[in-house]
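One structure below.
What you are looking at is a predicted structure, and each value in this text was computed from that prediction instead of being measured.
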Amino acid sequence: DGGITQSPKYLFRKEGQNVTLSCEQNLNHDAMYWYRQDPGQGLRLIYYSQIVNDFQKGDIAEGYSVSREKKESFPLTVTSAQKNPTAFYLCASSIGRGQGGYTFGSGTRLTVV
Amino acid sequence: GQNIDQPTEMTATEGAIVQINCTYQTSGFNGLFWYQQHAGEAPTFLSYNVLDGLEEKGRFSSFLSRSKGYSYLLLKELQMKDSASYLCAASRMDSSYKLIFGSGTRLLVRP
């Protein structure tokens, strides 16, 4: 079955540490996205990529970095520069131009300890 | 500009009908998506409207008026499991692949 997989489901980070969230899809989708969701709030776009080896900043890219070396993979690194990283992180993919909608991963809940 | 508005919260009774409204101001608007999200889980696709009118899919229906920048999601025969957040999202006709999301409407279904 095709799908999009995020790991880990729960992640704990110490102050000053970088952590990387994994996102892998086998849907052959061109575009991939990272969103952040805070309690009781909507989705805010961090980064997105429409094609391999290319990505663009979203609305809240500061303190985050990404790479897109393979079509299937779009990992997100939360750096120590992100001052308030505790949130629910969602990865999504789409066939292109948003017409097919998004397929979402199951999410990673990141907590700073 | 890009702006999508939805009510923050709604409450309804089991077995009843509820309508969740969404208004949008999106340049180059193409279509309108509705997603359901249970707490702590990923959003799941409910509907997609490109043309004006009502699309019915079981207990859920979605309506779009392009001229008014307005959509609604209609949930019939409400069940307790329908308690969730409902996200409205707009797609654009330009080269951008992004969806523009509203903040979501939290629906509480009471017995």
Just checking A:Tyr35 against B:Phe101, ring centres under 6.0 Å apart?
yes
Between A:Phe88 and A:Phe12, is there a shared hydrophobic cluster once you connect ILVMFWY residues whose side-chain heavy atoms come closer than 4.5 Å?
no
Determine whether the aromatic ring centres of B:Tyr35 and A:Phe104 lie less than 6.0 Å apart.
yes
What about A:Ile60 and B:Ile4, same hydrophobic cluster or not, with Ile/Leu/Val/Met/Phe/Trp/Tyr joined at side-chain heavy-atom distances under 4.5 Å?
no
Honestly curious: do B:Met80 and B:Phe60 fall in one hydrophobic cluster under the side-chain, below-4.5 Å linking rule?
yes
Heavy-atom check, side chain of A:Ser94 versus side chain of B:Leu99, under 4.5 Å
no
Using heavy-atom distances under 4.5 Å, tell me whether B:Gln37 contacts chain A through its side chain, its backbone, both, or neither.
side chain
With chain B as the partner, which of A:Gln56, A:Gln6, A:Gln37, A:Arg44 has the greatest number of non-hydrogen pairs under 4.5 Å?
A:Gln37
If you compare all heavy atoms of B:Ala42 against all heavy atoms of A:Gly105, which two are closest, and at what distance to 0.1 Å?
CB-O, 2.8 Å
Between B:Leu74 and B:Ile20, is there a shared hydrophobic cluster once you connect ILVMFWY residues whose side-chain heavy atoms come closer than 4.5 Å?
no
If hydrophobic clusters are built by linking Ile, Leu, Val, Met, Phe, Trp and Tyr wherever their side-chain heavy atoms come under 4.5 Å apart, do A:Tyr64 and A:Leu11 end up in the same one?
yes
